[in-house]
Amino acid sequence: MQKLIDTIRRREARCGIIGLGYVGLPLALEFARAGLHTVGIDVDPAKVDAITAGRSYITDVHDAEIKEQVDAGRFRATTDFAVIAELDTINICVPTPLRKTKDPDLTYVVAAVNEIRRYLRRGQLVILESTTYPGTTEEVVQPTLESGGLEVGRDFWLAFSPERIDPGNARFNTRNIPKVVGGVTPHCTAVAAALYEQSVETVVPVSSPRVAEMVKLLENTFRSVNIGLVNEVALMCHALGLNVWEVIEAAKTKPFGFMAFYPGPGLGGHCIPIDPFYLSWKAKMNGFEPRFIELAGHINEGMPRFVVEKVTDALNRHRKSVRGARIHVLGVAYKAGVNDVRESPALSVMRILAEKGAELSYSDPYVPAIREDGFELDASPLENGSLGNIDCVVVLTDHREFDYDRVVKTAPLVVDTRNALRGLEGDHIVRL
Ligand SMILES: NC(=O)c1ccc[n+]([C@@H]2O[C@H](COP(=O)([O-])OP(=O)(O)OC[C@H]3O[C@@H](n4cnc5c(N)ncnc54)[C@H](O)[C@@H]3O)[C@@H](O)[C@H]2O)c1
């Protein structure tokens, strides 16, 4: 154990990151910046080619950051898993989606672990970072890695460390977000902590991988449940004729005991709509019926339909039906400032509007085209006069790049689901 810790501290460790997406690429760059020799392994050759060419495919990462590390010889990418044999540490950052039944889909984790198992040798450290249910590291990863005869805590080290990155967040990043680490044995925790200490400001050791897995799910369940609560409050305010945004702004002046969450068209991204169901599934497997998770999921998943109802009512007041209406969507990414449309509620709203016969167009400075969910749409830029022949604009993602003032001046009707039009007035504005 001490040998690997010393190698890491001398910055002589060779580190591998499996999965170079929103989580893996920033982590790999942080390791490389710390002076660790880092290799990224991804099954997607397009990502490997982009990195080799010093090109980023993630909003928060600039081309120059990749190029600097690649040119310095500290970072490279490959599709060849055989490189694992030469590595000292391996971080797994592959997707953990849900199946249609809302059961965990560990296919990507299992595939990555099987590859590691082929090349695993004495003295290596393996860390799972993909969000997953409590028990995955010890019940799924450990048995596979040990099936070749090596033993965890004696021959190799294994830990779980949840990734807490928040894409689009200018203040908190891989470096300054504290890193929770739980190893299968205390030695595993010590080696994993030593690795992160090279590139992350604060490391928080916990007693086991299960605790570390649960920490991440508590954090994201907390968000999902609070967003569910505030979405329900938005529905209540609608019924009571109150402006939910004004209520939240005033409530948040309380200096203790209240934390502001905001309603919207629904949950999106690869975390909040998914992770709580990993916990829910595991709880049910153990005979526990979680209620908050299911209820929040139910309310949050109903928000796109509520938005469509708002659009329908607004058009109705203008003597128009959704069928045939020209509806322009502002923002399709799941949140402001990112190019990620995974699970984006905008796609759900657009799908329902399309099913009702609306003619859809959209603008999004981060998403030039949508080629999923049955859509084949290219973004149209917001130019002077471009909203002239539109019946209704729906703000679904509050990107800062939009000129909301001009939108309000040129569109006949605007439905705002994000309070992007705060401070702007007009009879033709409909707020969530
Ligand atoms: N995106 C976020 O904001 C965020 C934040 C915290 C945690 N997470 C968690 O981190 C994990 C990764 O999420 P992400 O957003 O980076 O996903 P992503 O889809 O952006 O990236 C995953 C990468 O893994 C690659 N991959 C898939 N299978 C592979 C395999 N077998 N071997 C090698 N590469 C493989 C894919 O090609 C892709 O490049 C998930 O568990 C997610 O829940 C994500």
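Just so you know, ligand 1 is whichever comes first in the structure, and atom 1 is the first atom listed for that ligand. All figures in this text were calculated on a predicted structure; none of them were measured in a lab.
- The protein heavy atom nearest to atom 39 (O) of ligand 1 is Asp42 OD2, 2.6 Å.
- Between Phe222 and Phe261, the distance from one ring center to the other falls under 6.0 angstrom.
- Salt-bridge check for Lys216 with Glu213: failed, with every basic side-chain N at 4.0 Å or more from each acidic carboxylate O.
- The closest approach between Lys216 and ligand 1 falls below 4.0 Å for a heavy atom of the residue.
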Lys310 and His238: CA distance, side-chain angles, deciding distance, side chain to side chain donor-acceptor pair (under 3.5 Å) verdict
CA-CA 10 Å; Lys310 282 258 175 192; His238 174 73; 3.2 Å; yes
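- Look at Lys335 and Asp166 and you find a salt bridge, because one of the NZ, NE, NH1 or NH2 atoms lies within 4.0 Å of a carboxylate O, short of that distance.
- At least one N or O atom of Thr131, backbone or side chain, sits closer than 3.5 Å to an N or O atom of ligand 1.
- Shown in contact with Ile18 at under 4.0 Å from a heavy atom are these atoms of ligand 1, numbered in order with element: 32 (N), 33 (C).
- Ion pairing between Arg422 and Glu246 fails under the 4.0 Å rule for side-chain N and carboxylate O.
- Within ligand 1, the atoms closer than 4.0 Å to a non-hydrogen atom of Ile41 are 33 (C), 34 (N), numbered from 1 in the order shown.
- Annotation: side chain of Leu120 is in contact with side chain of Phe156 (closest heavy-atom distance under 4.5 Å).
- For atom 24 (O) of ligand 1, the nearest protein heavy atom (residue, atom name, distance) is Gly19 CA, 3.3 Å.
- In terms of protein heavy-atom proximity, atom 21 (O) of ligand 1 is nearest to Gly21 CA, 3.2 Å.
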